[in-house]
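What follows is one structure encoded as structure tokens, with my remarks underneath.
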Amino acid sequence: QVQLVEPGGGSVQSGGSLRLSCTASEYTVSTACMGWFRQAPGKEREGVAGLDGIGRTKYIDSVKGRFTISRDSNKDTLYMEMDSLKPEDTATYYCAARKIRGRCGVLSSLLREDAYDYWGQGTQVTVSS
């Protein structure tokens, strides 16, 4: 049974940094298509960043240049480094993974919620002004 576990998250002041991690079990991160999503109170969940099996990445415009998605295949762990955090980044962040591997179709699909098969439990990120 695939499990995605996201420890961490946390609270920081505006302008600060956090690194999210997502460790997979019964699932190999290498060549996988994975992503990070977030949901703020009262808003729909949105795709933030995606990484496909051949190393292509996709980000929403609001985090480009501030967030970086990466993986460590030896640890079966997905990361997202978040810098220059803003109060509007406050949300519950979710790790997600897909059954397919490799190229994973068009890049935009990496930010589509319905493209993913497995989800983590979510971790809270709070950015204060």
- Each residue besides Trp119 in its hydrophobic cluster should be listed here, by chain and number; the cluster joins Ile, Leu, Val, Met, Phe, Trp and Tyr at side-chain heavy-atom distances under 4.5 Å. Phe37, Tyr94, Leu107, Leu110, Tyr116

Which distance, rounded to the nearest 0.5 Å, do you find between the [atom1] of [X] and the [atom2] of [Y]?
X     : Y      : atom1 : atom2 : result
Asp52 : Lys58  : CG    : NZ    : 12.0 Å
Ser70 : Arg19  : OG    : CZ    : 7.5 Å
Leu4  : Tyr118 : CG    : OH    : 9.5 Å

- Item | Residues Arg38 and Thr90: side-chain donor-acceptor under 3.5 angstrom | no

- Message: Are Val125 and Val5 connected into the same hydrophobic cluster when the rule is that any two of I, L, V, M, F, W, Y join if their side-chain heavy atoms are below 4.5 Å apart?
- Response: no

- Task: Could you note down all residue pairs passing side-chain hydrogen bond (donor to acceptor under 3.5 Å, both in side chains) where residues 71-82 supplies at least one of them, sequence neighbours left out?
- Result: Thr23-Thr77

- Query: How would you list all residue pairs meeting side-chain hydrogen bond (donor to acceptor under 3.5 Å, both in side chains) that involve residues 7-17, not counting sequence neighbours?
  - Reply: Ser17-Asp83

- The side chain to side chain contact (heavy atoms under 4.5 Å, CB included) partners of Ile69 (sequence neighbours excluded) come to Trp36, Ala49, Leu51, Thr57, Tyr59, Leu78

- Mark yes when over 12 heavy atoms from residues, nucleotides or ligands other than Arg56 sit less than 6.0 Å from its CZ; otherwise mark no. yes

- Message: Using a strict threshold of under 4.0 Å (side-chain N to carboxylate O), is an ion pair present between Asp89 and Lys86?
- Response: no

- Not counting sequence neighbours, which residues clear side chain to side chain donor-acceptor pair (under 3.5 Å) with Gln124? List them please. Thr92, Thr126

- Item | Partner set under ring-ring contact (aromatic ring centres under 6.0 Å, His included) for Phe67, not counting sequence neighbours | none

